There are 2 protein chains.
Amino acid sequence: MLSRKTKYAINALVYLARYEDEQPISVSRIAEDRHIPLKFLEAILTELKNARILKSKKGKYGGYSLNGRPEEIDLAQVVRLFDGAIALLPCVTHDYYEPCEECVDEETCGIRQVALEIRNATVARLKGATLASILERERKMRE
Amino acid sequence: MLSRKTKYAINALVYLARYEDEQPISVSRIAEDRHIPLKFLEAILTELKNARILKSKKGKYGGYSLNGRPEEIDLAQVVRLFDGAIALLPCVTHDYYEPCEECVDEETCGIRQVALEIRNATVARLKGATLASILERERKMRE
DNA sequence: ATTAATCCCATAGAATAGGTAGGAATAAAA
DNA sequence: TTTTATTCCTACCTATTCTATGGGATTAAT
């Protein structure tokens, strides 16, 4: 399951994409509109900024903006940032690779194969889930 | 990522399937062979027994046995038992269903669709990963 | 009786999740 | 130049979950 942090992050990003032309948007506006604890969201947006997914503008009338087009920002990036590896096992991740401590022989590990297939399928879908595509889906469903 | 508990459980189950004709097998044997902390494994096998995935025989020469054929026991059952829901969001699980607190409109939620597709694909693969199929994969790979 | 198991209950340290508090720095507007 | 609205920074806090460990009661085969 995704952590609250990740879900809040996704919600905030979708919000920013939706009101793209009103950027920069303040943390407090997003927090109120999406019912996210203010200070918690502040920390989340800071992380997104450090990861260069968002950019910020300080001072009055400042706030956060997407650092890139909604087509370029996808859920794989966000999930990895907050929840770490997407895979079920450390030995099938690309970014966070580590052997399984208890794995006697990685080459012939039957669980590993399954985990690898699941990872590949999941990553592909998360990468396909860009902010743009999420907004598009929502638009279609509202009809 | 799967918890250690789940990984230990899977390892123990594969071990039992592999030495099916030597059942019942004691906790201490599995713990030593697979390098799992004894008392921790004891608790894990108790849970598997309560879930009727294993059965036990007390006293000398006792131990644990699979409660069913290796074709009938799959990773979806095990993962659900120890790590809970497989889905990324509570609103797309079957067993543990809960709405997302912050979700304004579940019907038109764009993230939900993605999460649902991922869940379906993942569950299908985990259900396909029976103990029998895992052993079969390992056999093939050793060639 | 002895031995080798499971069963049962309680405890505990470490890490993580989720959230809070207060104030400094910055920048636009009045 | 003061006010106002914002991000930035640092520190803290609590509850829960994860990963175990310890001791002894019960059961059953030899």
Side-chain angles (χ1 to χ4, degrees), chain A residues 1-12 16 22-32 34-67 79 81-85 90 96 100-102, chain B residues 1-12 16 22-67 79 81-85 88 90 96 100-102:
Chain A
M1 299 270 272
L2 298 180
S3 65
R4 258 186 157 74
K5 212 167 178 176
T6 302
K7 288 193 273 178
Y8 288 153
I10 295 172
N11 271 285
L16 283 162
E22 300 174 25
Q23 290 173 329
I25 296 176
S26 73
V27 180
S28 53
R29 172 175 161 189
I30 303 174
E32 279 170 29
R34 311 267 19 191
H35 304 105
I36 303 172
L38 177 67
K39 293 298 264 181
F40 197 27
L41 182 58
E42 206 180 291
I44 291 167
L45 297 192
T46 299
E47 279 195 73
L48 285 167
K49 192 204 67 175
N50 292 338
R52 303 183 189 279
I53 293 170
L54 292 182
K55 58 190 173 192
S56 68
K57 186 165 181 293
K58 293 185 204 168
K60 195 167 181 180
Y61 295 101
Y64 288 90
S65 317
L66 296 178
N67 189 27
V79 172
L81 180 62
F82 293 105
D83 283 351
Y96 299 81
C100 288
E101 331 76 42
E102 59 273 331
Chain B
M1 299 271 270
L2 298 181
S3 65
R4 257 189 159 74
K5 211 167 178 177
T6 302
K7 288 193 273 177
Y8 288 154
I10 295 172
N11 271 286
L16 282 162
E22 300 174 25
Q23 294 178 137
I25 296 176
S26 73
V27 179
S28 53
R29 172 174 161 191
I30 303 174
E32 280 170 30
D33 268 32
R34 310 268 19 192
H35 305 104
I36 302 172
L38 177 66
K39 292 297 263 181
F40 198 27
L41 183 58
E42 205 180 293
I44 291 167
L45 297 192
T46 299
E47 279 194 72
L48 285 167
K49 193 203 68 176
N50 291 338
R52 304 185 187 281
I53 292 170
L54 292 182
K55 59 189 174 190
S56 68
K57 186 166 181 294
K58 293 183 204 170
K60 196 168 181 179
Y61 296 103
Y64 287 90
S65 317
L66 297 178
N67 189 27
V79 171
L81 180 61
F82 292 106
D83 283 351
L88 296 177
Y96 299 81
C100 288
E101 332 76 41
E102 59 274 332

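In this text the structure is predicted, and so the values were computed from the model without any measurement. Throughout, protein chains are lettered first and strands after them, A, B, ... in sequence-line order, and every chain is numbered starting at 1. Side chains are part of it too, since the values below use all heavy atoms of this structure and drop only hydrogens, waters and symmetry mates.
The distance from atom NZ of K49(B) to atom P of dT27(D) is 12 Å, rounded to the nearest whole Å. Per the geometry, CG belonging to L41(A) stands 12 Å off C1' belonging to dG19(C), to the nearest Å. Straight-line distance from the CE atom of M1(A) to the P atom of dC18(D): 13 Å, rounded to whole Å. Separating the CG atom of L45(B) from the C1' atom of dA5(C) is a distance of 13 Å, rounded to the nearest angstrom. Rounded to whole angstrom, the span from the CD atom of E42(B) across to the P atom of dA4(C) amounts to 16 Å. Atom CD of E47(B) and atom P of dT6(C) are 16 Å apart (whole Å). Atom CG of N50(B) is separated from atom P of dC9(C) by 12 Å (rounded to the nearest Å). Going from atom CD1 of I36(A) over to atom P of dA17(C) covers 17 Å, rounded to whole Å.
Closest of all the heavy-atom pairs between R29(B) and I25(B) is CD-CG2, 3.7 Å. Summarising the geometry of L66(B) relative to Q23(B), their closest heavy-atom pair is N-OE1, 2.9 Å, with the distance given to 0.1 Å. Taking each heavy atom of Y64(B) and L45(B) in turn, the nearest pair found is CD1-CD1, 3.7 Å. The shortest non-hydrogen separation linking P24(A) to G63(A) is CB-C, 3.5 Å.
Comparing D83(B) and L38(B) by the nucleotide of DNA chain D whose heavy atom lies nearest to each, the residue mapping closer to the 5' end is D83(B). Comparing S28(B) and F40(A) by the nucleotide of DNA chain C that holds the closest heavy atom to each, the one mapping nearer the 5' end is S28(B).
Which of dA28(D), dT20(C), dC7(C) sits closest to the side chain of K60(B) comes down to dA28(D). Of the candidates dT6(C), dA20(D), dA29(D), the closest approach to any side-chain atom of K57(B) belongs to dA29(D).
The side chain of K5(B) contributes no N or O atom lying less than 4.0 Å from OP1 or OP2 of dA20(D). Between S3(A) and dT16(C) there is no side-chain N or O to OP1 or OP2 distance below 4.0 Å. Dashed line: the shortest gap from a side-chain N or O of Y64(A) to OP1 or OP2 of dT6(D) is not under 4.0 Å. In this structure, R4(A) reaches the dG19(C) phosphate: one of its side-chain N or O atoms is under 4.0 Å from OP1 or OP2.
K58(A) comes within contact range of the sugar-phosphate backbone alone, with a heavy-atom separation under 4.0 Å but no base atom that close. Contacts of Y61(A) with the nucleic acid, taken as non-hydrogen atoms under 4.0 Å apart, involve only primed sugar atoms and P, OP1 or OP2.
Atom CE of M1(A) is separated from atom OG1 of T6(A) by 12.0 Å, given to the nearest 0.5 angstrom.
For dG18(C), the base has no donor-acceptor partner in the side chain of K39(A) [N/O atoms by modelled type, under 3.5 angstrom].
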